[in-house]
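I have placed the structure first, in the form of structure tokens, so that the comments after it can refer back to it.
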Amino acid sequence: MRSKAVVGNWKLNGSLATNEALLEALLREIPRQAATACAVCVPSPYLAQARALLDGSGIAWGAQDLSRYEKGAYTGEVSGPMLADLGCRYVLVGHSERRSIFGESDALVAEKYAAARRSGLTPVFCVGETLEEREQGRTEAVLARQVDALLHNGGAKQLDGGIVAYEPVWAIGTGKTASSAQADEAQAFIRGRIAGKDAAIAAALTILYGGSVKASNAAELFAMPNVDGGLVGGASLVAEEFVAIWRAADARR
Ligand code: PGA
């Protein structure tokens with residue numbers, strides 16, 4: 001049985017006041033001994049707040065990006081050791097917004113993944129195709145390129161204990177969710193690609209689906225054999241939605 005997880009990605013949203021209200025609402029609903037992991041990836045300035053509120057709870061916290069560097073003259077960067085120091089368990093790596101808006105290459109994403117592992121964090125490695133790529137029938141080629149970049153830079157072993165998130169770019173923040181069959185097909189492909197290097201690691205790997213996951217579609221997505229939970233953007237900012245999504249994943253155990 002693979003570990004399941006529901007991870008919220010707050011993106012560039014929040015304030016001390018709204019974060020507190022949201023986290024307090026989550027704390028009332030997510031049990032301390034949750035078997036299905038529950039986590040929020042918050043903007044870095046709010047990590048200390050997340051730690052203060054969530055420490056000892058069933059909700060873990062993490063960041064949305066990290067530097068490939070550990071320390072030094074790299075103005076504006078936040079390193080893996082700093083995130084670990086703030087008690088982060090998770091860090092998103094290679095989110096499509098980092099790739100497309102901030103120009104992160106497959107090679108840089110692979111370096112960041114390795115940096116996260118070196119700091120003892122659980123990286124959530126994000127991959128996914130654009131609408132144009134899907135329409136051109138290039139979905140598998142794109143996923144293969146993104147996954148292979150990671151495999152080339154450190155091998156399949158580094159995926160042991162990591163998490164992959166399949167997020168078709170056309171489904172992110174658009175309200176347009178991939179069908180459960182589309183999600184499962186892509187995620188089976190990703191698992192197969194990794195199995196080509198290490199079957200045991202691929203079989204045990206937690207692969208999340210992300211892209212307009214909501215309380216109303218979560219159960220159907222999480223029922224698919226290759227979907228081990230969700231990476232949730234917009235709906236993670238609404239406590240009732242996020243809790244319902246987490247419950248839908250937890251019900252699949
Ligand atoms: P969304 O975002 O749930 O708002 O589509 C998902 C993500 O970008 O991780």
Side-chain angles (χ1 to χ4, degrees), residues 4-14 18-19 22 26 36-44 46 50 59-66 88-104 109 112-113 116 121-131 133-134 139 142-143 146-147 162-180 182-184 186-187 190 206-222 224 226-249:
K4 299 209 179 293
V6 170
V7 179
N9 172 12
W10 289 5
K11 309 193 181 186
L12 190 56
N13 294 293
T18 60
N19 300 345
L22 176 54
L26 298 182
T36 297
C38 182
V40 288
C41 290
V42 309
S44 290
Y46 298 127
I59 307 169
W61 59 97
Q64 301 167 13
D65 183 30
L66 82 167
C88 289
R89 187 174 312 155
Y90 299 97
V91 61
L92 307 184
V93 174
H95 188 279
S96 69
E97 286 150 19
R98 300 294 322 165
R99 293 176 187 264
S100 66
I101 304 171
F102 300 99
E104 294 195 7
V109 171
K112 289 187 170 194
Y113 187 97
L121 301 164
T122 298
V124 180
F125 171 59
C126 305
V127 296
E129 80 288 359
T130 63
L131 183 60
E133 289 162 343
R134 176 164 282 266
T139 297
V142 169
L143 296 176
Q146 292 172 335
V147 169
I163 293 179
V164 174
Y166 168 62
E167 296 203 307
V169 177
W170 48 272
I172 294 178
T174 57
K176 202 171 155 191
T177 318
S179 71
S180 49
Q182 282 173 322
D184 195 61
Q187 298 188 196
I190 292 166
T206 297
I207 305 184
L208 310 179
Y209 167 78
S212 299
V213 177
K214 301 184 271 285
S216 59
N217 58 27
E220 193 184 336
L221 287 159
F222 299 163
M224 303 309 283
N226 283 290
V227 181
D228 306 312
L231 178 56
V232 185
S236 74
L237 298 171
V238 182
E240 311 82 76
E241 279 282 313
F242 191 60
V243 168
I245 293 165
W246 177 82
R247 288 202 178 117

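All ligand and atom numbering here is 1-based and tracks the order in the structure. In this chain, residues are counted from 1 in sequence order.
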Non-hydrogen atom of [X] closer than 4.0 Å to ligand 1:
{"X": "Lys11", "result": "yes"}
{"X": "Ala235", "result": "no"}
{"X": "Gly173", "result": "yes"}

How far is [atom] from the closest protein heavy atom, and which atom is that?
{"atom": "atom 3 (O) of ligand 1", "result": "Gly233 N, 2.8 Å"}
{"atom": "atom 4 (O) of ligand 1", "result": "Gly234 N, 2.8 Å"}
{"atom": "atom 9 (O) of ligand 1", "result": "Glu167 OE2, 2.6 Å"}

| query | Any idea which part of Ser236 is under 4.0 Å from ligand 1, heavy-atom wise: side chain, backbone, both or neither? | reply |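 No part of Ser236 is near ligand 1 at this cut-off.
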| task | Specify side chain, backbone, both or neither for Ile172, according to which of its non-hydrogen atoms lie closer than 4.0 Å to ligand 1. | result |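 It is both backbone and side chain that touch ligand 1.
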Of all the atoms in ligand 1, which lie at a distance below 4.0 Å from a heavy atom belonging to [X]?
{"X": "Ala171", "answer": "5 (O)"}
{"X": "Gly211", "answer": "5 (O)"}
{"X": "His95", "answer": "7 (C), 8 (O), 9 (O)"}
{"X": "Ser212", "answer": "1 (P), 3 (O), 5 (O)"}
{"X": "Leu231", "answer": "9 (O)"}

Hey, are the side chains of [X] and [Y] touching, using non-hydrogen atoms and a 4.5 Å cut-off?
{"X": "Glu104", "Y": "Asp65", "value": "yes"}
{"X": "Leu231", "Y": "Ile163", "value": "no"}
{"X": "Trp246", "Y": "Leu26", "value": "no"}

| Judged by atom type as modelled, is there a donor-acceptor pair below 3.5 Å linking the side chain of Arg99 to the main-chain atoms of Cys126? |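 The answer is yes, because a donor-acceptor pair under 3.5 Å joins these two groups.
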| said: Taking Ala171's backbone N and O only, do any of them form a donor-acceptor pair with Ser212's side chain (distance below 3.5 Å, no angle check)? | reply: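 Checking the backbone N and O of Ala171 against the side chain of Ser212, a donor-acceptor pair under 3.5 Å is found.
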| query | Of all heavy-atom pairs between Gln64 and Pro43, which one has the smallest distance, and what is that distance? | reply |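 For Gln64 and Pro43, the tightest heavy-atom pair comes out as NE2-N, 3.4 Å.
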| Minimal non-hydrogen separation, Ala235 against Ile245, with atom names |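 Nearest heavy atoms, Ala235 then Ile245: CB-CD1, 3.8 Å.
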| query | In terms of the angle between their ring planes, are Tyr166 and Tyr209 parallel, tilted or perpendicular, with boundaries placed at 30° and 60°? | reply |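 Tilted, since the angle between the ring planes falls between 30° and 60°.
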| What distance do Ile207 atom CD1 and Phe125 atom CZ have between them, rounded to the nearest 0.5 Å? |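 Separation between the atoms: 11.0 Å.
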